[in-house]
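Shown next, in structure tokens, is the structure this report addresses.
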Amino acid sequence: MTLEEFLTARRDAGRALLVPYVTGGVAPGWTDVVRAYADAGADAVEIGLPFSDPMLDGVTIQEASDRAIAGGTTVTRILAELAALDVEVPLFAMTYSNLVFQKSAAAFCAALRASGLRGLIVPDSPLEEVGELAGAAAAEGLDLALMAAPSSSPERLREIAARSRGFVYAVTRMGTTGEDGGISAEAARLGRDLTALTDRPVLFGFGVSDPARAAELARHADGVVVASALMRRLLDGAGPRELGEYVASIRRALDRPLDREPDEQYAPLPRHRRRPDRQDPVGPLPRG
Amino acid sequence: MTLEEFLTARRDAGRALLVPYVTGGVAPGWTDVVRAYADAGADAVEIGLPFSDPMLDGVTIQEASDRAIAGGTTVTRILAELAALDVEVPLFAMTYSNLVFQKSAAAFCAALRASGLRGLIVPDSPLEEVGELAGAAAAEGLDLALMAAPSSSPERLREIAARSRGFVYAVTRMGTTGEDGGISAEAARLGRDLTALTDRPVLFGFGVSDPARAAELARHADGVVVASALMRRLLDGAGPRELGEYVASIRRALDRPLDREPDEQYAPLPRHRRRPDRQDPVGPLPRG
Amino acid sequence: MSEHALMSDPGTTGRFGDYGGRYVPESLIPACHEIEAAFRDAWADPGFRDRLTTLLTVYAGRPTPLTPARRLSRELGITLLLKREDLTHTGSHKINNVVGQALLAQRMGRRRLLAETGAGQHGVATATAAALLGLEATVFMGERDIERQELNVLRMNVLGAEVVPVTSGSRTLKDACNEAMRHWVASVGDSYYCVGSVMGPHPYPWMVREFQRVIGEEARAQCAAELPAAVPDYVVACIGGGSNAAGTFAGFVGTTARLVGVEAHGGAAATSGRSGVLHGFRSLVLQDDDGQVREAHSIAAGLDYPGIGPEHAHLRDDGRARYATVTDDEVVSALVRLARTEGILAALESSHALAWVIRAAESGGIAPGSTVLLTLSGRGDKDIASIRELL
Amino acid sequence: MSEHALMSDPGTTGRFGDYGGRYVPESLIPACHEIEAAFRDAWADPGFRDRLTTLLTVYAGRPTPLTPARRLSRELGITLLLKREDLTHTGSHKINNVVGQALLAQRMGRRRLLAETGAGQHGVATATAAALLGLEATVFMGERDIERQELNVLRMNVLGAEVVPVTSGSRTLKDACNEAMRHWVASVGDSYYCVGSVMGPHPYPWMVREFQRVIGEEARAQCAAELPAAVPDYVVACIGGGSNAAGTFAGFVGTTARLVGVEAHGGAAATSGRSGVLHGFRSLVLQDDDGQVREAHSIAAGLDYPGIGPEHAHLRDDGRARYATVTDDEVVSALVRLARTEGILAALESSHALAWVIRAAESGGIAPGSTVLLTLSGRGDKDIASIRELL
Ligand SMILES: Cc1ncc(COP(=O)(O)O)c(C=O)c1O
Ligand SMILES: Cc1ncc(COP(=O)(O)O)c(C=O)c1O
């Protein structure tokens, strides 16, 4: 089953999707964190392949990346450790273009595939640079997820929705990863726009810092990616058990029926939603 | 008797002239130094009226001037102290133009005269700037001595010799006052040139640091001015007695018949020399 | 793209051969498009060009002279001409680019300039242009560079700019770039990112080269007036990101002159780098076997950069320009030698170009009698404190 | 001399009205005559003029632009034009004079330049010109100024000049002048004393004004192109010894422009001095009742001088120019204000002129709508460390 099939099936089963993140190699035994996430109700796990210059990451993930690199981690080693890991949910990689293009996109994708990963996301390979990589990923059966941002134009959103595989990563805000900052109205709008454009799961990422925010966001799309909130705890000394518990608390929040009044403008999404036929011509979206 | 008459008479009596210097107000009781000089065989005493920016003075006289000014000395006070002083030999002032022109050259000369001084020397008033001052000095019966330097042209030497009063101050070297540095051949030549041009006494100054040098120099003119060597001792703590003794030692050296071979080119001057008639046309001097 | 003339418009993809592009997060893509469109529009607008030329002339001190280095030329047996960017306002070529981008930002209605800086020259230039046009300025600078270039930090403060110390990574220019990009993502609505060299996502490498082209065009005309052969045998410039070199080369790429870019030994992306993606563009990058970007090391803060502008990577592959490195020791002695033979205190960065010329002339790498145009990218006042210990 | 046109040749006596002259020891008189003769000869020699113009153009960066200070003008309700001497090589107008004198020294066969310096700008310029022409340089600098202007001391060292600390008196410019004169007496045969302002014995005040005249002549032509009235209402410059002001005024003395020289409050020889003789010339000098020269006090090392060039004393008596003072506080805020409105970091010295303009414009002393030419004599990089504490 592909990443996309897996996530779509769970979403269609009425479940709000939860994807926690861990930086590969951030500490010895980091794969136990992956397992703990899976056990705590994750629907997939995002594995960061650390890069020295993580342009889109805030201080927490920078620090995690630096720690992993300083500890001697390499992509090869991380992939080997993942190959030896057996968890029920799909894993996918998050990394930067420089690591992807080291030898070639094809070689990189083959290595991911060999280690059992199901997909990848590369924040600094936007639509215009993603062609070669998309081909290589498809050839290996990997889903290459694309990011959409509050600043993306309707035309770009349509293209992102069309070309993304696995899910669409909806960036909640104009900013880097990190915990600070609230959830903006533009995030909600972005979720609605994307879900209107594609049948693929749409996950929110950036600033999903606690169960309440996760639950609030999940009303406007299909689920959330949680990264900095977990990595901050990890860097502060939390082990797999505590991290698993935190993921479980988010899981519970996502599964709980909402007790607050639904937002007037952006009512919560029904799961099992019906998408517009992808062949249908789609007019320009109204923007706020 | 004017300064010039006094010095000429002594020179003509076969005596090498000795003029020691003291900075007015350099220490309480400084007038005792003047007296000690006179008692030790000085033929005149040069009194420095201290100026904040003594351009032609080396470190020793700068320090003496600074000390005098810092001690609250003023020209008025120095002149008052000199007026109360009674010594056998004539006194003359050495100072800079800024003090001379404070009110006017006439006022300044009148004040010198009133305090019993017989002349003055102003190193930064060369021929081209000395007109007004020369008139004022003459009006007060003061002798304004001019300086000649190794760099002076034959024409300038002639004019300096002609316009100087009291004596001609022959600067031994291109440099400031101070003890260091030997006596150059150009000093000897300057002395000979000047004594050939004028009947007035010609005194060497600058670098007359010890009895031997004084005696050596006096062979080429009519005598010496001794300043820094004395002021260095004064600043180092010597009192009027020691300073008087040092002047006496120079006096003895000047009076002793020379035991060295006379210089071939510049034989010692006979005292009672006959000068060329000042009205005679004088051809350009040969220069080395 | 190989059918394109070298150093021309890289089109909408911003490619120079294999290099360049726009490797930035989706969040920044609209801003990049907007800037590209605004620049194309402005660059075709005689009114904008006029305004820029006027400011470069009445404000920044252009044209800069071409100074024959007479005594040093005699010693080296060549004819060395110095293009004097050190005489511009704020003391380096960085002002050419910044005045252009600041005018563009103003035209786009932005109220704030963001910039990264290494030596501080680009930061000072940005603070300057911001003050001139009534914009705000926020400058990101590595902590290590803040220590090395304290004078420039103070200059930025006096000019009213906010200087943000960057404490991540090597705490030098590369990290300041990361931080500036992150900040840009967060403030793209009201801020304009004023990139300091021929790097970053398209259209920056091209746009900055165009704004620096004035160096090469002036020098070309001055050489024509000064040299019997009209064109020098060599055209030499130092390379940090590569903007002063790109601007200079742009004036000579169509001539017979040999183009030489000189990098710091410890930051030699063109000679020791591998293809990679950093700060939004693909180029030659100093990196380890695993693809982690290495820290550059240079006595010159402005050359402490592990990459090189994408167009330089292309010029290298193409063979039209060659790239060389010099050591810190060679650089310091070149600086002192120029100071003592010509009375010109060059920046440590610029002294790299000079160090190569000296070595090449003295080793016969440059034939005696050759003519050499060297872009003196900036003045060395900012470096005095750092070279004091080395004298 | 009152029948002479203002700012013309002061003849062989070097008198400007009551002021000027040649109050130096006899030892120096031949040197002064020789320099006067050499200067008269050189100044009448088109070959010398050409060589000077060429160096000022291809080396020192002339002509300097005239920059309209647009934002500050708007704030002040006037039209303020800045003559940008800060853009010259080494960063102040001092280079104009020094290139001229160094060429003269070379023509006279001297092998060494002596100079006094206050802010260090003249010292740096002298070290620069010496290196350019292959001469040696010895620079006298007060110990206090060495502390205040450390950057410039290092620049001189790198340029190969010997910097001699002066420990006498107030340990500032005045004492450096004394010491340079003393040293000159001792080395007049092979050394040329390169005086840094319109002071010293004849022919220096006149010669330095002539070498600085280029400022005023360029500015005059630039104003004619820029201003509807061709001539500004005010021409303003700061005064240390008075060379940038003299050079500027020389271009406008025959026009209707009002000439204003601005001194430091603590070094206001033109407004609080009495006639006196210092450093070889008669002029207005700050002195106590007994004729001892007072120490000047200014935040700007280059204005810490208790005298004023003799020609300025004459212009004051004549009424053709007026002289004003500003306080250190006004100066620092003028510096910061210019930096933040125009992106120009002026020297503390130059900021005196600006402080006066600001005060006069804000108090109505300069009528709204007036046009003001201000000579920005130098750049403020050297002052950054000293003003840091004041910000
Ligand atoms: C004086 C100077 N030259 C050169 C450089 C290098 O930049 P680039 O290679 O973009 O010209 C810098 C960068 O700060 C600089 O300050
Ligand atoms: C920048 C600057 N302006 C002005 C002056 C004052 O000199 P002047 O009055 O001779 O122009 C100095 C002296 O050092 C200076 O450095």
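The chains referred to below are lettered A, B, ... by the order of the sequence lines, with proteins before strands, and numbering in each begins at 1.
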| Which one, C:T64, C:L151, C:V336, C:L338, leads in non-hydrogen pairs under 4.5 Å with chain D? | C:L151

| Side chain of C:R340, backbone of D:V158: donor and acceptor closer than 3.5 Å? | yes

| task | Could you grab the distance from atom CG of D:N157 to atom CZ of C:R388, nearest 0.5 Å is fine? | result | 10.0 Å

| Is the shortest heavy-atom distance from the side chain of C:N152 to the side chain of D:I384 under 4.5 Å? | no

| field | Contacting moiety of D:E150, where chain C heavy atoms sit under 4.5 Å | value | side chain

| Within a radius of less than 6.0 Å around CZ of C:R51, do more than 12 heavy atoms belonging to other residues, nucleotides or ligands occur? | no

| field | Contact class of C:L66 relative to chain D, heavy atoms under 4.5 angstrom | value | backbone

| remark: When the 4.5 angstrom heavy-atom criterion is applied to C:R71 and chain D, the contacting part is side chain

| task | State, yes or no, whether a side-chain contact exists between C:P65 and D:T57 at a heavy-atom distance under 4.5 Å. | result | no

| said: Between the side chains of D:D381 and C:R379, is the shortest nitrogen-to-carboxylate-oxygen separation below 4.0 Å, so that they form an ion pair? | reply: yes

| task | Taking atom CZ of D:R112 as the centre, report whether more than 12 heavy atoms of other residues, nucleotides or ligands fall under 6.0 Å from it. | result | yes

| task | Could you tell me which portion of D:A60 (side chain, backbone, both or neither) has an atom closer than 4.5 angstrom to a non-hydrogen atom of chain C? | result | backbone

| said: Would you say CZ of C:R70 has more than 12 non-hydrogen atoms from neighbouring residues, nucleotides or ligands within 6.0 angstrom? | reply: no

| Interface moiety of D:I387 toward chain C, non-hydrogen atoms closer than 4.5 Å | side chain

| Residues in salt bridge (Lys or Arg N to Asp or Glu O under 4.0 Å) with C:E217, at least two apart? | C:R213

| field | Whether C:H89 side chain and D:G343 backbone form a donor-acceptor pair below 3.5 Å | value | yes

| Heavy-atom proximity to chain D below 4.5 Å, by part of C:R84 | side chain

Contacts under 3.5 angstrom, residues 125-133 of chain D side chains, donor-acceptor by atom type, not counting sequence neighbours:
residue: D:T126; atom: OG1; partner: D:H122; partner atom: O; Å: 2.7
residue: D:T128; atom: OG1; partner: D:V124; partner atom: O; Å: 2.7

| said: Taking side chain as everything from C-beta outward and backbone as N, CA, C, O, which of these in D:P63 sits under 4.5 Å from a heavy atom of chain C? Side chain, backbone, both or neither. | reply: neither

| task | Give the member of C:G134, C:P68, C:A69, C:G91 that has the highest number of heavy-atom pairs under 4.5 Å with chain D. | result | C:G134

| request: Name the region of C:T88, side chain, backbone, both or neither, that has any atom closer than 4.5 Å to a heavy atom of chain D. | output: backbone

| query | Is the backbone N or O of D:E342 less than 3.5 Å from a side-chain atom of C:Y59, with the two atoms forming a donor-acceptor pair by type? | reply | yes

